[in-house]
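Notes for the one structure printed next.
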Amino acid sequence: MSRRNILVTNALPYANGPIHLGHLLGYIQADIWVRFQRMQGNNCTYVCADDAHGTGIMLSAEKAGVSPEEFIDAVNQEHQRDFADFLVDFDIYHSTHSDENKTFSSLIYERCKASGHISQRSITQLYDPEKDLFLSDRFIKGQCPKCKTEDQYGDNCEVCSSTYNATDLINPRSTISGATPVEKESTHFFFKLPAFADFLNEWTRSGTLPTQVANKLAEWLDSGLQEWDISRDAPYFGFEIPGEPGKYFYVWLDAPIGYMASFQKLCESRDDLNFEDYWGVESNNELWHFIGKDIINFHALFWPAMLKTSNFRTPTGISVNGFLTVNGQKMSKSRGTFIMAETYKQHLNPEYLRYYFAGKLGSNPDDLDLNLEDFVQRVNSDVVGKVVNIASRCAGFINKGFEGKLSAEVSEPDLIADCQQTTTEIAELYEQREFSKAIRLIMSLADKANQYIADKTPWVLAKENPQALEVQNICSTGLNLFRLLIIYLKPVLPNLANQVEEFLNVSALQWQDAESLLLDHQINKFKPLMTRVESTKVDAMVEASKENLNTQENSSVDASDKVDSPLSNDPISDEIEFPDFAKVDLRIAKIVEANYVEGADKLLKITLDLGLNAAGEQQIRTVFSGIKSAYKPEQLNGMYTVLVANLKSRKMKFGVSEGMILAAGEGDDIYLLEPHKGAQAGLRIT
RNA sequence: GGCUACGUAGCUCAGCUGGUUAGAGCGCAGCAUUCAUAAUGCUGAGGUCGGUAGUUCAAGUCUACCCGUAGCUACCA
């Protein structure tokens, strides 16, 4: 198969605030597809930029006391850092406020004008006389003309959900200055979209879009397209329209053109890329846009029409993702589910999120729910418990018994072949952007690998003879299966794959490598590849997101990062009711014995006396506690402490633990709780 | 209000053009196991598919209405 030339663009984030998990959904989706294409050996170029124009940015910069240019530069840095943290591998991350974009915006406008698709007429709009600014609906609030609710925006009422014109509001006011808006006329420029109705009817149904998206667009198409207002009056942060002083391109005119501008900028530094090859009307290369479902009309109506009339090629396809909900609800600042990329990164490994999203993403624009409990279980069970575990359970035998050498042949050719043959199906699913189906398939292979190892019980054979050829064969087979799984997962988990390449002592894995096996091959010592998600970290992230809400109000953004205290690192949990607390039965207990546990790194075995029960029997409990790093058994003997007495017993590797003793801290700094002198064993703590 | 989607086991999701006892993973329960980062294997219990009424020999799958959720509704991005 010949190499495909693919250009992928990702929706441009608005340069008005930080990247959050909702943004990341779309970028991770595109990045997985891009990485897959590159692993296939295709030339896949991936571009993005900040969307840096508009009234919103102008006002934000003003509020921050800096110029718009300074403002968007700072945001651009942050955005690039966040995307890099989440392993989103753009070839270029540019800005719509660039020379290249100005050139293309003017060019496309001129071509639209030359083909007779630009009109102009005077419209009446509300105007802020104090601020000298035309007001869009967003910046006007007033009383709903229907239900009389106060504080509603200029286009629709959130309470009675009626729609109206801003001029219908009772007592309207500018949200910027508070002034009463006045009506004012101004000349605006329009793109004659109706002229493209036939073209768009055809184009939207030609396989470029998911059906659901085409259905939605039929709404505009069937009800008759309107001319699109593409100009804004000064003051506005954007590009001035050529030959029309005081008139600026509406931000959505130059935003998609930013895709071209970014690519052009990239071409200047790359010999292998040529602008015309990708954007010329004759181009046979692929052009894919990855966007969110909120900006469908801009990309699937205005954009192709503009490209068409200005003599550029139209996109090959548009991939649309839905919105992210957290725990089944809209992201909410007060619930702590409005999680910034940076906050997430401080607490959790970005690859967890990449895996979770991949496990739920399909090609349709359905919303995706990040259920935090499900997130923890899913990642732990699939990635750590199933996949990584295969390497972990095989590597020891190979390293110890065979000096890290894999056997010359595998013991189960059928199983391996089965796993190798699935490569086509998995590739097809990635290609179709059915990542969740691909992941399901890959995990079923991981299950087969674990079943195989459990069936062959190499540890039993190794007990008799650690150098038995059969042990080497079984574990080499296991590690070869593991390698295949990592190839399949590499688009989703690139960092993990890099670590595995190091461990297996191989060069960067490509899709084609699934055809070959590692035989008679020297591997390196196994190091833990990925640790489990700890739900305490997830809780801490949610808490930190709630705190952001408070600290964000203060302009000193950095202050919260500097505090290093137990409370700042691990904030107080959600409020509970008294009955919740009362369920926990805490008792004074006397430590009658403490012992080391053979083979345990962290645990001490502690025997506790709770005194006599109603029947006059001595209540003795055994508890395993992870305090070996801080206490010696002899220090504990005779000491009194606090026991969670009604905690369900838990079977552990070294025995059953019948409760939990209370201590603070971690690592070497663990502090066991001890009551004041005189407390009697069995007393309840209230 | 209009429009577009969505609503299937505790959780997250599959179910193609309607067709045998509705599937998976996780979680849960029991058993086995202890090579592995509390990790694995086996077995099992859980849904009548948001509701109502239809079409049909046959409906989770089609139609209508209703309820719930999300989004869009062209000068916010």
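Chain identifiers are assigned alphabetically (A, B, ...) following the order of the sequence lines, protein sequences preceding nucleic acid strands; residue numbering begins at 1 within each chain.
Both A/T124 and A/T325 sit near RNA chain B, but only A/T325 has its closest nucleotide nearer the 5' end.
Residue A/P528 is in base contact, counting any heavy-atom pair closer than 4.0 Å across all strands shown. As judged by a 4.0 angstrom heavy-atom cut-off over every strand, A/F298 is placed among the base-contacting residues. Within the nucleic acid shown, A/V388 comes within 4.0 Å of at least one base atom, counting heavy atoms only. Within 4.0 Å (heavy atoms only), A/Q377 reaches sugar-phosphate atoms of the nucleic acid but no base atom.
Residue A/T531 places none of its side-chain N or O atoms closer than 4.0 Å to OP1 or OP2 of B/U37. Side-chain nitrogen and oxygen atoms of A/Q451 include at least one within less than 4.0 Å of the OP1 or OP2 phosphate oxygen of B/C42. Using a 4.0 Å cut-off, some side-chain N or O of A/K437 falls inside it from OP1 or OP2 of B/G15.
Using modelled atom types, one finds a donor on one side chain and an acceptor on the other under 3.5 Å when comparing A/S122 with A/E185.
The CG-P distance, from A/N321 to B/C72, rounds to 13 Å in whole Å. Going from atom CG of A/D367 over to atom C1' of B/G68 covers 15 Å, rounded to whole Å. Atom CE in A/M443 sits about 17 Å away from atom P in B/C13, given to the nearest Å. Rounded to whole angstrom, the span from the CG atom of A/D294 across to the P atom of B/A5 amounts to 18 Å. For A/R440 and B/C13, the CZ to C1' distance is 7 Å, given to the nearest whole Å.
You won't find any donor-acceptor pair under 3.5 Å spanning the side chain of A/E373 and the base of B/C11, going by distance alone.
Nucleotide B/G30 is shown with an anti base, its glycosidic torsion being more than 90° from 0.
For the pair A/R232 and A/F134, the cation-pi test (distance below 6.0 Å, angle within 45°) is failed.
Salt bridge status for A/K527 with A/E502: absent, with no side-chain N to carboxylate O gap under 4.0 Å. Between A/E412 and A/K448 there is no salt bridge, since none of the side-chain N atoms of the basic residue sits less than 4.0 Å from a carboxylate O of the acidic one.
Here the two rings, on A/F249 and A/F239, have centers that are 6.0 Å apart or farther.
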